[in-house]
2 protein chains.
Amino acid sequence: MNAKRMRDPEATRASLLIAAEEVFLEKGFGNTSISDISGRAGITKSLIHHYFGSKEGIWQAVKQRRFNYYSDRQLKMLENSELTLGLLRESFILYFHFLKSNPEIVRILAWMFLERDQDDCVHKDRELVEKGIERIKSGQKMGQIRSDIDPKFILFTFIGMCQHWFQDKEHFILDFCGGEKNIPEDLDELYLDAIQKIFFEGISPK
Amino acid sequence: MNAKRMRDPEATRASLLIAAEEVFLEKGFGNTSISDISGRAGITKSLIHHYFGSKEGIWQAVKQRRFNYYSDRQLKMLENSELTLGLLRESFILYFHFLKSNPEIVRILAWMFLERDQDDCVHKDRELVEKGIERIKSGQKMGQIRSDIDPKFILFTFIGMCQHWFQDKEHFILDFCGGEKNIPEDLDELYLDAIQKIFFEGISPK
DNA sequence: TAATTAATTGGCCGACCGGTTAATTGAAAA
DNA sequence: TTTTCAATTAACCGGTCGGCCAATTAATTA
């Protein structure tokens with residue numbers, strides 16, 4: 001219906017955001033210029049300042065958008081579940097697949113690490129983390145998880161095993177498999193199986 | 001002897017490299033200017049082009065130098081050790097502390113991921129990886145390590161648990177500890193203890 | 001010593017940076 | 001229709017960027 005509107009602020013804002021994300025995640029904040037973004041979006045660069053105030057501003061917006069999506073999804077994941085070992089395993093798998101289909105998250109985090117970005121927007125997941133820790137704690141009380149490890153570390157390890165894979169998978173293929181030949185199609189799943197074994201055996205009570 | 005030489009190309013080249021590494025790892029490639037580097041080194045910026053050709057050139061040199069240092073050290077680490085579970089644990093701890101005292105490595109590796117660096121210098125550690133896998137395999141044969149997990153994945157997990165910590169420690173402090181207050185001095189060691197428990201319990205035969 | 005080579009310098013260049021401004025245009029309100 | 005306001009544009013700003021070059025200076029060679 002509005003397909004031919006000559007002006008559609010929402011749409012231009014959106015396509016600026018999309019273009020910005022593409023370029024930022026490809027080259028990082030410092031290497032990206034405003035005109036890179038406007039060029040890719042096919043929109044004058046002035047409009048970036050009009051909608052986002054500054055280069056910093058649109059980078060914030062990009063991050064925020066992605067992290068809101070992230071934590072919304074994650075919260076829903078935790079919402080209606082009492083923790084049992086089975087459900088912990090389930091959310092482990094869910095998280096792994098979430099990262100797999102949202103590689104942007106991994107790149108954003110890596111860029112923020114390198115550019116020493118201390119943005120608060122990342123910490124929307126504090127609530128998420130608290131819930132996760134709560135679940136692990138009760139799992140420990142119920143005797144399903146060994147109690148001699150700080151729940152914070154258990155959760156962090158959980159996250160790390162997944163993130164690290166999607167960050168260094170390429171190195172794995174090159175250095176561990178000796179190149180591109182003979183990589184199994186389901187490499188991701190094979191890895192997921194392996195870390196499940198290590199992780200869940202590792203956190204089980206003796 | 002040569003302490004007072006007015007010109008010492010090797011020395012200037014070296015101090016340019018050092019300054020470059022400092023600034024690059026501090027601010028990132030894109031946010032660093034040639035004059036930042038030359039300023040810190042106290043050397044005219046023209047010399048950067050003289051020795052390294054371009055900004056890209058000196059960046060490559062920085063990465064290469066650090067990565068060579070990395071794999072050389074790692075190889076020495078593995079050199080004279082038969083694998084027993086005790087030694088595996090020892091090299092786990094060694095690797096962790098190596099990363100702790102060489103944070104540049106973690107940053108460089110993150111850069112390589114983001115820049116999709118297919119540099120040959122990365123593959124220096126293929127030899128490294130092969131040795132590590134060999135050790136784990138023999139550990140499996142001896143019944144010290146469970147055999148139902150691919151040694152490649154065991155090694156990769158090993159590396160990941162350590163790397164991920166030094167990359168996302170800040171997020172851990174913010175999101176998991178609720179800010180800077182009350183962080184134990186020996187947080188690194190506490191984490192190391194935790195992942196040791198998980199990892200070694202996880203790879204033990206039942 | 002004289003000639004040659006290489007290290008080092010400061011000054012300069014065009015390009016591009018992020019950001020601002022004033023003017024133009026389209027859509028919606030009156 | 002007229003008015004009003006937001007969306008959009010192009011031109012422009014001072015500043016900095018990476019890179020280049022010609023001149024100078026120290027070490028090496030003949």
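The sequence lines fix the lettering, A, B, ..., with proteins before strands; numbering per chain opens at 1. Here the structure is a predicted model, which is why all the values come from computation and not from measurement.
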With B/Phe153 as reference, evaluate A/Phe176, A/Tyr191, A/Phe199 under the ring-ring contact (aromatic ring centres under 6.0 Å, His included) test and give the passing residue. A/Tyr191
Output the rounded distance in Å from [atom1] ([X]) to [atom2] ([N]).
| X | N | atom1 | atom2 | answer |
| --- | --- | --- | --- | --- |
| B/Leu16 | C/dA7 | CG | C1' | 12 Å |
| A/Asn31 | C/dC16 | CG | C1' | 14 Å |
| A/Glu56 | C/dG18 | CD | P | 11 Å |
| B/Arg7 | D/dT25 | CZ | P | 9 Å |
| A/Trp59 | C/dG18 | CH2 | P | 14 Å |
| A/Glu10 | D/dT8 | CD | C1' | 16 Å |

Is any NZ, NE, NH1 or NH2 atom of the basic residue among B/Glu130 and B/Lys137 found under 4.0 Å from an Asp or Glu carboxylate oxygen of the other? no
Give a yes or no on whether a salt bridge exists between B/Lys63 and B/Glu115, defined as a side-chain N under 4.0 angstrom from a carboxylate O. yes
OP1 or OP2 of C/dT8 versus the side-chain N and O atoms of B/Thr12: is any pair under 4.0 Å? yes
In this structure, which one of B/Arg65, B/Arg73, B/Arg66 forms a side-chain hydrogen bond (donor to acceptor under 3.5 Å, both in side chains) with B/Tyr69? B/Arg73
Is the closest side-chain heavy-atom distance between A/Leu155 and A/Arg135 below 4.5 Å? no
Atom pairs under 3.5 Å, N or O on each side, protein against nucleotides 13-17 of chain D: can you list them with distances?
residue: D/dC17; atom: OP1; partner: B/Ser33; partner atom: OG; Å: 3.3

Taking all atoms of both residues into account, what is the closest heavy-atom pair of A/Leu16 and A/Tyr51, and its distance? CD1-CD1, 4.1 Å
Surrounding CD of A/Glu56 (heavy atoms of other residues, nucleotides or ligands, distance under 6.0 Å), is the total greater than 12? yes
Evaluate whether atom CG of B/Asn182 has more than 12 neighbouring non-hydrogen atoms of other residues, nucleotides or ligands under 6.0 angstrom away. no
Does anything in residues 41-51 of chain A come within less than 4.0 Å of DNA chain C? Heavy atoms only, and list the residues if so. A/Lys45, A/Ser46, A/His49
